[in-house]
Amino acid sequence: MSSVNSRIVLECREVHKEYREVDRHLKILSGVNLQVKRGEQVAIMGRSGSGKTTLLQVLGSLDVPSTGDVLINGINLCDISESQRAKVRNQSLGFIYQFHHLLPEFSALENVAMPLLIAKLPLAEVKHRSAELLERVGLKDRMQHRPSELSGGERQRVAIARALVNHPDCVLADEPTGNLDDETAEQVFEVMQNLNKTLQISIIVVTHDPNLATKLDRTLYLHGGCLTSECK
C-alpha cells in the first residue's frame, strides 16, 4: 500500500454529466463526490458503459461537467478558462491509457519529453528529467528506440514515464494494463506502484481487474452514475 498524507490533491463535488442529442437524453454521472489525498491509490470499477472513462475525462479536465465542481490542489477547474485548464493539466496531471498513444516517429526519450517541451522547460532539463524517468522504469538502454522497436510492456513503461515526467500531483490511468498479458501487466503495475511510493504521486486507476484493484488503497464502484464503496 502507498504512504498517504492528508492533503487533498483532487476533489469533485456533486458532479453531473449529461449529453443531449436530438432524440435522446443521456445521463452519465449523477452527483459524483470524490476526494483523493496525496500519494493515495484509488481503483474505480464498474460495468462496461457505466461512465468510468467519462468520469476520468472530467477529473482530468478533458471534459467539463454539466454541473458540479472539480478541484485540483484547490483550483476549481470549472471557474477558469480552457487555456488555464490546459496549464493545470500539464503541471498537475498525468495520463496513462490502455493503448500507449506514443508518437511512432519519435524515440522513447523524445516521447517522454513531450510534456516538458510543451511546458517550455530548458532543453537540458528536459533531457535530464526524461532520461531519469526512463531509467526509473527500467529502459535505460532503450531510450533511443522508437515504439515499433519496443515490446508492448516497454511501450507502456514509456507511457508511464511520459505521464510522470512533469512531476504531476495525480495520474489518471484508464485500463493501463488491459492490453498486456498477465506477466507483463504485473511488471508494469509494479513499476507504477514503485513510482507512487517514491514520488508520492496519487493514482486513480479505472480497471475491470479485481486483482489489480485489491492492490490499491481503496476501491470505488461507479453504479447508476454515482460512486460508492460497495459493489452492486
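Note that the coordinates shown come from a computational prediction; the quantities given were computed from them, not determined experimentally.
When all heavy atoms of Arg85 and Ile80 are compared, the pair lying nearest together is NH1-O, 2.8 Å. Cys78 approaches Pro65 most closely through the heavy-atom pair SG-CG, 3.6 Å. Closest approach of Tyr221 and Ser229 over heavy atoms only: CE1-O, 3.7 Å. Of all heavy-atom pairs spanning Val32 and Cys226, the tightest one is CG2-CA, 4.3 Å. The minimum heavy-atom distance between Ala43 and Ala213, with the atom names listed, is CB-CB, 3.8 Å. Of all the heavy atoms in Leu150 and Ala108, the pair that sits closest is CD1-CB, 4.4 Å.
Taking 4.5 Å as the limit, every side-chain heavy atom of Val36 sits out of range of all side-chain heavy atoms of Val9. Between Glu175 and Thr207, some side-chain heavy-atom pair lies under the 4.5 Å cut-off. In this structure, the side chains of Leu227 and Asn33 stay at 4.5 Å or more apart for every pair of heavy atoms. Residues Ser61 and Val88 are not in side-chain contact: their nearest non-hydrogen atoms beyond the backbone lie 4.5 Å or more apart. Two residues are said to be in side-chain contact when any heavy atoms from C-beta on lie closer than 4.5 Å; Arg162 and Pro115 meet this criterion. Taking 4.5 Å as the limit, some side-chain heavy atom of His16 sits within range of a side-chain heavy atom of Lys27. When side chains are defined from C-beta on, Leu116 counts as touching Ser130, because their heavy atoms get closer than 4.5 Å. When side chains are defined from C-beta on, Arg89 counts as touching Leu62, because their heavy atoms get closer than 4.5 Å.
Under the 4.5 Å side-chain heavy-atom criterion for ILVMFWY residues, no single connected hydrophobic cluster contains both Val205 and Leu222. With hydrophobic clusters built from ILVMFWY side chains whose heavy atoms lie under 4.5 angstrom apart, Val137 shares a cluster with Leu212. Linking ILVMFWY residues whenever their side-chain heavy atoms come closer than 4.5 Å, directly or via other members, leaves Leu71 and Val15 in distinct clusters. Transitive grouping of hydrophobic side chains (ILVMFWY, heavy atoms separated by less than 4.5 Å) keeps Leu164 and Ile204 in distinct clusters. When the side chains of ILVMFWY residues are joined at heavy-atom separations under 4.5 Å, either directly or via intervening members, Val171 and Leu56 end up in two distinct hydrophobic clusters.
Checked by atom type and distance alone, the side chain of Thr214 pairs as donor or acceptor with a backbone atom of Asn211 at under 3.5 Å. Using a distance-only test at 3.5 Å, with no hydrogens or angles considered, a donor-acceptor pair links the side chain of Lys52 to the main chain of Arg47. In this structure, the side chain of Asp217 engages the main chain of Gln41 through a donor-acceptor pair within 3.5 Å. Remark: side-chain polar atoms of Gln156 are not paired, donor with acceptor, to backbone N or O of Gly153 under 3.5 angstrom. Here the side chain of Ser202 pairs a donor or acceptor atom with the backbone of Lys37 at under 3.5 angstrom. Formation of a donor-acceptor pair under 3.5 Å by the Arg155 side chain with backbone atoms of Pro147 is found in this model. Remark: the backbone N or O of Glu14 is not paired with any side-chain donor or acceptor of Asp69 at under 3.5 angstrom. Under the 3.5 Å distance criterion, the side-chain polar atoms of Gln144 are left unmatched by any main-chain donor or acceptor of Ser107. For the pair Lys17 (side chain) and Val64 (backbone), a donor-acceptor distance under 3.5 Å is present. Side chain of Asn111 to backbone of Phe106: a donor-acceptor contact under 3.5 angstrom is found.
Atom CG of Leu93 is separated from atom CG of Leu59 by 9.0 Å, given to the nearest 0.5 angstrom. The distance from the CG atom of Asp141 to the CG atom of Leu134 is 11.0 Å, given to the nearest 0.5 Å. Rounding to the nearest 0.5 Å places NZ of Lys127 at 13.5 Å from CD of Glu125. Atoms CD and NE2, on Glu132 and His128 in that order, are 4.5 Å from each other to the nearest 0.5 Å. Note: Gln57 CD to Leu29 CG = 10.0 Å, rounded to the nearest 0.5 Å. We find the CD1-CG distance between Ile72 and Asp169 to be 8.0 Å, quoted to the nearest 0.5 Å.
Applying the ring-ring contact (aromatic ring centres under 6.0 Å, His included) criterion to Phe95, with sequence neighbours excluded, gives no partner residue. Checked against side chain to side chain donor-acceptor pair (under 3.5 Å), Thr54 has no partners two or more places apart in sequence or in another chain. By the ring-ring contact (aromatic ring centres under 6.0 Å, His included) test, His101 is found to be paired with Tyr97, residues two or more places apart in sequence or in another chain being considered. For Glu154, the salt bridge (Lys or Arg N to Asp or Glu O under 4.0 Å) test picks out Arg142, with sequence neighbours left out. In this structure, Asp174 has no salt bridge (Lys or Arg N to Asp or Glu O under 4.0 Å) partners at least two apart in sequence or on a different chain.
Residue pairs meeting the side-chain hydrogen bond (donor to acceptor under 3.5 Å, both in side chains) criterion with at least one member in residues 112-122: none, sequence neighbours excluded.
Of the charged side-chain nitrogens involved, none lies within less than 4.0 Å of a carboxylate oxygen, so that Glu149 and Arg146 do not count as a salt-bridged pair.
Side chains of Arg129 and Asn166: a donor-acceptor N/O pair is absent below 3.5 angstrom, by distance only.
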